[in-house]
Enquirer: 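Here it is, the structure, as structure tokens.
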Amino acid sequence: MATNTLTARRMFAGWGGLPGRVQAADTRRGTPTHAAPRGAGAVAFRDVAKTYRSSAGTVQALDAISLEIAPGSIFGIIGRSGAGKSSLLRTINRLEQPTSGQVLVDGVDIGTLSEAGLVQLRRRIGMIFQHFNLLSAKTVAENVALPLKVAGVPAAQIAARVQELLLLVGLQDKADTYPSRLSGGQKQRVGIARALATGPEILLCDEATSALDPETTHSILQLLRDINRTLGITVVLITHEMSVIREIADQVLVLEQGRIAELGAVWQVFGNPQHAATRALLAPLQHGLPDDLQQRLQALPPAGAYTQILQLGYRGEDGLEPDLPRIAQALGARVRLLHGGVDRIQGHAQGQLLVALEGAAARADWTLFTQGREAIAHEIKVLGYVAESVHPH
């Protein structure tokens with residue numbers, strides 16, 4: 001992959017000669033006033049709203065969305081079904097027209113673009129889809145070449161470009177293969193190559209991994225990350241899977257009923273979710289109490305020997321990370337790790353550990369050990385008590 005992306009860097013550095021691409025001022029038609037500079041691909045939403053009206057009634061898909069997406073970043077949009085994710089994504093290339101508000105790409109209000117300006121804008125914005133949208137009667141090479149043919153690129157240039165793109169996505173040996181003979185991951189790689197054909201500054205990903213198995217999802221996300229880092233393309237993706245956001249995104253927007261629920265760096269939102277929608281989306285990633293332990297858990301200390309079950313939480317803040325010897329020293333008793341997991345997101349350790357503490361050291365309030373120099377975790381909860389001893393699983 002490294003060789004392919006180095007090739008891509010040289011390839012994209014010289015790509016910008018599409019017929020009709022705006023290179024000079026044309027303010028009368030609302031088109032960009034200059035060629036895309038280094039760091040192009042900035043997106044801004046200014047109080048964007050979208051309302052759908054039909055005979056069945058009115059649906060407010062987006063409401064008062066204001067935010068900025070930094071050029072060259074990977075920006076994730078997540079929310080439950082019907083939250084407005086697709087509507088928001090599709091306003092960036094104006095497949096959806098906002099009911100009110102502005103969408104700006106590199107500072108240009110795309111709502112002011114003429115038809116010609118809109119065509120040029122869409123050549124600067126690639127898009128990949130959940131179900132690939134490949135033409136079954138065309139080969140891999142012909143599918144990738146399609147945007148270039150539409151743009152009027154000479155045949156010799158198209159052939160060279162397609163070869164380079166297939167090398168980039170690892171399908172150089174599949175040029176003459178038809179989509180029906182490809183795996184889901186290979187089809188998505190064709191979709192990515194096709195989306196990159198015109199040398200875009202922005203790549204929109206509409207549930208690009210939802211139809212793929214976990215292993216293939218990981219490889220596609222790695223490809224997107226490599227493309228982002230090597231080419232500097234802004235990637236905006238929507239998904240309903242928090243694991244996808246965790247793996248690839250720099251910033252995340254959580255949408256709930258068309259409004260911003262949370263917005264920030266991925267490690268901050270994951271480490272300390274503030275909104276109920278975010279916590280619900282994160283729930284599948286949490287390491288909860290195992291069923292066998294849950295069945296034995298009691299609210300009050302039982303008679304005889306027992307252990308106290310603590311949940312230690314880590315938000316990724318202040319450089320605080322799990323340190324088992326220090327935890328045992330601070331708690332002043334034998335501590336056993338029962339369950340849990342800690343991830344590193346953007347260099348920040350986050351997650352939960354469940355530990356069993358001998359009853360002699362049990363207490364109701366562990367707040368002291370979540371503050372200042374004495375802190376061993378950002379949060380410590382007493383989950384309950386278990387009679388006799390607890391064996392790790």
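Values below: all heavy atoms of this structure, side chains included; hydrogens, waters and symmetry mates excluded. Residue numbers count from 1 along this sequence.
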Enquirer: Among side-chain atoms of Q222 and R225, is any donor-acceptor pair under 3.5 angstrom?
Expert: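 Indeed, the side chains of Q222 and R225 share at least one donor-acceptor pair under 3.5 Å.
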Enquirer: For Q130, is the CD atom crowded, meaning more than 12 foreign heavy atoms sit under 6.0 Å from it?
Expert: yes
Enquirer: Do R122 and R94 touch side chain to side chain, with heavy atoms closer than 4.5 Å?
Expert: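 R122 vs R94: side chains touch.
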Enquirer: Kindly determine whether H218 and E247 satisfy side chain to side chain donor-acceptor pair (under 3.5 Å), including the steps that lead there.
Expert: CA-CA 8 Å; H218 177 76; E247 184 167 346; 2.5 Å; yes
Enquirer: Which distance, rounded to the nearest 0.5 Å, do you find between the CG of L221 and the CG of L237?
Expert: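 It is 8.0 Å, given to the nearest 0.5 Å.
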Enquirer: I'd like to check E321 versus R344 (side-chain heavy atoms, cut-off strictly below 4.5 Å). Are they in contact?
Expert: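 Yes, side chains in contact.
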Enquirer: Set out, in order, the CA-CA distance, both residues' side-chain angles and the distance that settles side chain to side chain contact (heavy atoms under 4.5 Å, CB included) for S210 and H240, then state yes or no.
Expert: CA-CA 8 Å; S210 294; H240 62 275; 3.6 Å; yes
Enquirer: Please check if L88 and V59 belong to a single hydrophobic cluster, counting links between Ile, Leu, Val, Met, Phe, Trp and Tyr side chain heavy atoms closer than 4.5 Å.
Expert: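 Each belongs to a different hydrophobic cluster.
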Enquirer: Is there a side-chain contact between C205 and F129, using heavy atoms and a 4.5 Å cut-off?
Expert: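 No, their side chains stay 4.5 Å or more apart.
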Enquirer: Looking only at heavy atoms, which two atoms of I245 and I78 are closest? And how far apart?
Expert: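 Looking at all heavy atoms of both residues, the shortest contact is CG1-CD1, 4.1 Å.
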Enquirer: Looking only at atom types and distance, does a side-chain atom of K85 sit under 3.5 Å from a main-chain N or O of R80, one as donor and one as acceptor?
Expert: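 Side chain of K85 to backbone of R80: a pair is present.
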Enquirer: Any luck finding a side-chain donor-acceptor pair between T99 and Y52 under 3.5 Å?
Expert: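 Side-chain D/A pair, T99 to Y52: absent.
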Enquirer: Would you say CD of Q60 has more than 12 non-hydrogen atoms from neighbouring residues, nucleotides or ligands within 6.0 angstrom?
Expert: yes
Enquirer: Let's go through R279 and E262 carefully: what are the C-alpha distance in whole Å and the side-chain angles of both, what is the deciding distance for salt bridge (Lys or Arg N to Asp or Glu O under 4.0 Å) to 0.1 Å, and is it a yes or a no?
Expert: CA-CA 11 Å; R279 292 192 289 271; E262 290 197 57; 5.9 Å; no
Enquirer: Taking atom CG of D173 as the centre, does the number of heavy atoms from other residues, nucleotides or ligands within less than 6.0 Å exceed 12?
Expert: yes
Enquirer: Specify whether W267 and H348 have parallel, tilted or perpendicular ring planes, treating 30° as the upper limit for parallel and 60° as the lower limit for perpendicular.
Expert: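 Answer is parallel, since the angle falls under 30°.
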Enquirer: For a quick test of reading the model, state the closest non-hydrogen atom pair linking R363 to Y385 and the distance between them.
Expert: O-OH, 4.4 Å
Enquirer: So I92 and F45, do their side chains get closer than 4.5 Å, heavy atoms only?
Expert: yes
Enquirer: Can you confirm whether I128 sits close enough to Q188 that some side-chain heavy atom of one is under 4.5 Å from a side-chain heavy atom of the other?
Expert: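 The answer is yes; the side chains approach within 4.5 Å.
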Enquirer: Can you see whether E142 engages Y178 through a side-chain donor-acceptor pair at a distance of less than 3.5 angstrom?
Expert: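 Absent: no donor and acceptor within the cut-off.
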Enquirer: Do the side chains of R246 and E241 get close enough for a salt bridge, i.e. N-O under 4.0 angstrom?
Expert: no
Enquirer: Is it possible for you to say whether L263 and V43 belong to one hydrophobic cluster, with membership spreading through side-chain heavy-atom contacts below 4.5 Å?
Expert: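 Per the 4.5 Å side-chain linkage, L263 and V43 are co-clustered.
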Enquirer: Measuring from E358:CD to R334:CZ, what's the distance to the nearest 0.5 Å?
Expert: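 It is 6.0 Å, given to the nearest 0.5 Å.
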Enquirer: Charged N to carboxylate O under 4.0 angstrom, D63 versus K50?
Expert: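 No, D63 and K50 are not salt-bridged.
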Enquirer: With no hydrogens and no angle check, is any side-chain donor or acceptor of T198 less than 3.5 Å from a backbone partner on R123?
Expert: yes
Enquirer: Could you please spell out the steps behind the side chain to side chain contact (heavy atoms under 4.5 Å, CB included) verdict for T239 and I77?
Expert: CA-CA 6 Å; T239 181; I77 302 172; over 6 Å; no
Enquirer: Consider only side-chain heavy atoms of I, L, V, M, F, W and Y, link residues closer than 4.5 Å, and tell whether V162 and V150 are in one cluster.
Expert: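 In one cluster with V162: V150, no.
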Enquirer: Taking side chain as C-beta onward, heavy atoms only, is L293 less than 4.5 Å from V386?
Expert: yes
Enquirer: Can any side-chain N or O of N228 pair as donor or acceptor with the backbone N or O of G72 at less than 3.5 Å?
Expert: yes
Enquirer: Would the distance check show the side chain of R315 and the main-chain N or O of Q268 forming a donor-acceptor pair, the cut-off being under 3.5 Å?
Expert: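 No, the answer is negative, given that no donor and acceptor are paired below the 3.5 Å cut-off.
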Enquirer: Within the side chain of T91, is there an N or O that forms a donor-acceptor pair under 3.5 Å with the backbone of Q97?
Expert: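 No: the side chain of T91 does not pair with the backbone of Q97.
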Enquirer: Over all heavy atoms of both residues, which pair between A361 and W366 is shortest? Give the atoms and the distance, please.
Expert: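 Of all heavy-atom pairs spanning A361 and W366, the closest is O-CH2, 3.4 Å.
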Enquirer: Kindly give the heavy-atom pair with the smallest separation between L353 and P322, and that separation in Å.
Expert: CD1-CB, 3.8 Å
Enquirer: Is it true that, when you exclude E115 itself, more than 12 heavy atoms of the residues, nucleotides or ligands shown sit nearer than 6.0 Å to its CD?
Expert: no
Enquirer: Does any donor atom in the side chain of Q102 or D109 lie under 3.5 Å from an acceptor atom in the other side chain?
Expert: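 There is such a pair (donor and acceptor under 3.5 Å, judged by atom type) between the side chains of Q102 and D109.
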Enquirer: Would you say T278's side chain and Q274's backbone share a donor-acceptor pair under 3.5 angstrom?
Expert: no
Enquirer: Determine the minimum heavy-atom distance between S86 and D206, stating which atoms define it.
Expert: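 Looking at all heavy atoms of both residues, the shortest contact is OG-OD1, 3.7 Å.
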Enquirer: Should Q371 and T367 be marked as a side chain to side chain contact (heavy atoms under 4.5 Å, CB included) after you check the CA-CA gap, both sets of side-chain angles, and the distance that decides it?
Expert: CA-CA 7 Å; Q371 300 172 353; T367 304; 3.2 Å; yes
Enquirer: Taking the side chain from T234 and the backbone from G41, do they hold a donor-acceptor pair closer than 3.5 Å?
Expert: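 Judged by distance alone, yes, a pair lies under 3.5 Å.
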Enquirer: Would the number of heavy atoms belonging to other residues, nucleotides or ligands and lying under 6.0 Å from CD of Q329 be above 12?
Expert: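 Open: at most 12 neighbouring heavy atoms sit under 6.0 Å from CD of Q329.
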Enquirer: Tell me the closest heavy-atom pair linking Q251 and A265, and the distance in Å.
Expert: OE1-N, 3.5 Å
Enquirer: Hey, any chance V103 and V108 share a hydrophobic cluster, counting ILVMFWY side chains that come within less than 4.5 Å of each other, even indirectly?
Expert: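 Cluster IDs for V103 and V108 match.
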Enquirer: Are any of the side-chain heavy atoms of V236 and L89 separated by less than 4.5 Å?
Expert: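 Side chain of V236 against side chain of L89, heavy atoms only: contact under 4.5 Å found.
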Enquirer: Taking the side chain as everything from C-beta on, heavy atoms only, tell me whether I220 gets closer than 4.5 Å to R189.
Expert: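 I220 vs R189: side chains touch.
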Enquirer: Short question: side chain of H131, backbone of N133 - any donor-acceptor pair under 3.5 Å?
Expert: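 No: the side chain of H131 does not pair with the backbone of N133.
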Enquirer: Answer yes or no: is there a donor N or O on one side and an acceptor on the other, between the side chain of T216 and the main chain of L212, under 3.5 Å?
Expert: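 Side chain of T216 to backbone of L212, a donor-acceptor pair under 3.5 Å: no, none is there.
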Enquirer: I309 vs V382, test: side chain to side chain contact (heavy atoms under 4.5 Å, CB included). Steps then yes/no.
Expert: CA-CA 6 Å; I309 309 301; V382 177; over 6 Å; no
Enquirer: When hydrophobic residues are tied together by side-chain contacts of less than 4.5 Å, even through go-betweens, does L165 share a cluster with L182?
Expert: yes
Enquirer: Report yes or no: does N143 contribute a side-chain atom to a donor-acceptor pair with the main-chain N or O of K138 at less than 3.5 Å?
Expert: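 Answer holds: yes.
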